[in-house]
Amino acid sequence: MVILKIGGSLTLNCENLLKELKIQIKELNDINNLIKTKLLIIPGGGNFANNVRDIYEKTNLSDDGAHKLATLCTDLTGVYMKDISNVKTANNIYDVKDMFRYEDLLIFLPSNLILSTDKLPRSWDVTSDSFAGYIADLIDCKKLIIATDVDGIYNKYPEGKLLNTINAKSIKGFTSIDKYLPEFICSNNIECYVVNGNFPKRIISILENKIDTYTKILK
């Protein structure tokens with residue numbers, strides 16, 4: 001199983017991505033009947049979470065309240081993704097494992113799982129990137145893909161050089177992943193990739209262990 005987090009920056013453009021992933025993964029699995037590719041999608045909060053942040057900054061909404069609302073927004077994005085793609089959703093790990101007997105692609109609605117654990121800090125530093133990392137560790141998934149609207153991680157921003165690889169401990173400042181994910185990668189045995197989700201074939205390249213345009217984060 002591979003976990004793909006589709007970032008909020010792709011919310012308005014993810015219909016083509018989901019369509020292409022369904023086609024490409026079916027083709028992969030038709031070719032290879034012995035090892036099936038199973039892709040679990042974790043949605044970002046997207047525009048829904050941006051509205052929560054705006055309310056948080058303009059009112060007395062607490063940190064804990066903002067965390068709960070922003071986490072619920074990932075479910076809203078997931079329901080939206082299901083509606084435009086007909087990819088099925090699950091909201092618990094048992095259903096994921098059961099449904100993957102018949103499905104190659106699923107969207108996970110993470111709020112129940114995330115809000116029931118105290119293992120993740122409740123702050124704006126922890127987003128659905130870290131949710132995806134936590135879920136990957138929980139189900140012993142060794143490959144995590146973060147799809148966003150940039151090609152990967154750069155050595156400086158803006159106008160920097162795209163890095164093919166980077167050590168998680170070296171990630172500092174403004175990047176396309178949240179501030180907590182590098183710490184999570186360092187403490188868990190997870191391969192993580194950052195890729196531009198506007199180019200679905202790059203995600204397929206990662207699944208096939210092929211060289212392409214993306215950044216691999218080393219532990």
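In this text, all values refer to a predicted model and were calculated from it rather than measured experimentally.
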| remark: The side-chain hydrogen bond (donor to acceptor under 3.5 Å, both in side chains) partners of Asp212 (sequence neighbours excluded) come to Ser205
| message | How about NZ on Lys142, more than 12 heavy atoms from neighbouring residues, nucleotides or ligands closer than 6.0 Å, or not? | response | yes
| request: Grab the two heavy atoms, one from Ile153 and one from Ser176, that are nearest each other, plus how far apart they are. | output: CG1-OG, 4.2 Å
| field | Partners meeting side-chain hydrogen bond (donor to acceptor under 3.5 Å, both in side chains) with Asn60 (sequence neighbours left out) | value | none
| task | Using side-chain contact (heavy atoms from CB on, under 4.5 Å) as the criterion, list what pairs up with Ser62, not counting sequence neighbours. | result | Asp64
| query | NZ of Lys19: more than 12 outside heavy atoms within 6.0 angstrom? | reply | no
| request: Please say whether more than 12 non-hydrogen atoms of neighbouring residues, nucleotides or ligands are located less than 6.0 Å from CD in Glu191. | output: yes
| Can you list the residues that meet the salt bridge (Lys or Arg N to Asp or Glu O under 4.0 Å) rule with Lys82, with sequence neighbours excluded? | none
| Would one find more than 12 heavy atoms of other residues, nucleotides or ligands at under 6.0 Å from atom NZ of Lys88? | no
| message | Show me the pairs that pass ring-ring contact (aromatic ring centres under 6.0 Å, His included) and involve residues 10-37, at least two apart or across chains. | response | none
| said: According to salt bridge (Lys or Arg N to Asp or Glu O under 4.0 Å), who are the partners of Lys26, at least two apart in sequence or on a separate chain? | reply: Asp30
Check residues 44-54 and write down every donor-acceptor pair under 3.5 Å in which the side-chain atom is one partner and the other belongs to a residue at least two apart or another chain.
| unit_1 | atom_1 | unit_2 | atom_2 | d |
| --- | --- | --- | --- | --- |
| Asn51 | ND2 | Asn47 | O | 3.4 |
| Asp54 | OD1 | Lys58 | NZ | 3.2 |
| Asp54 | OD2 | Lys58 | NZ | 3.4 |

| Can you name the ring pair (Phe, Tyr, Trp, His ring centres under 6.0 Å) partners of Tyr80, sequence neighbours left out? | none
| note | Sequence neighbours excluded, the answer for side-chain contact (heavy atoms from CB on, under 4.5 Å) partners of Asp63 is Tyr56
| request: Could you pull out the closest heavy-atom pair between Ser128 and Pro43, with the gap in Å? | output: CB-O, 3.6 Å
| With Phe108 via ring pair (Phe, Tyr, Trp, His ring centres under 6.0 Å) - residues at least two apart | none
| query | Roughly how far, to the nearest 0.5 Å, is the CG atom of Leu181 from the CD1 atom of Ile190? | reply | 8.0 Å
| request: Check side-chain contact (heavy atoms from CB on, under 4.5 Å) between Ala147 and all other residues, then give those that pass, not counting sequence neighbours. | output: Leu4, Leu10, Val195, Ile203
| Regarding Thr213 and Asp151, is there a side-chain donor-to-acceptor distance under 3.5 Å anywhere? | no
| said: Could you work out, with ring pair (Phe, Tyr, Trp, His ring centres under 6.0 Å) as the rule, every residue matching Tyr193, not counting sequence neighbours? | reply: Tyr214
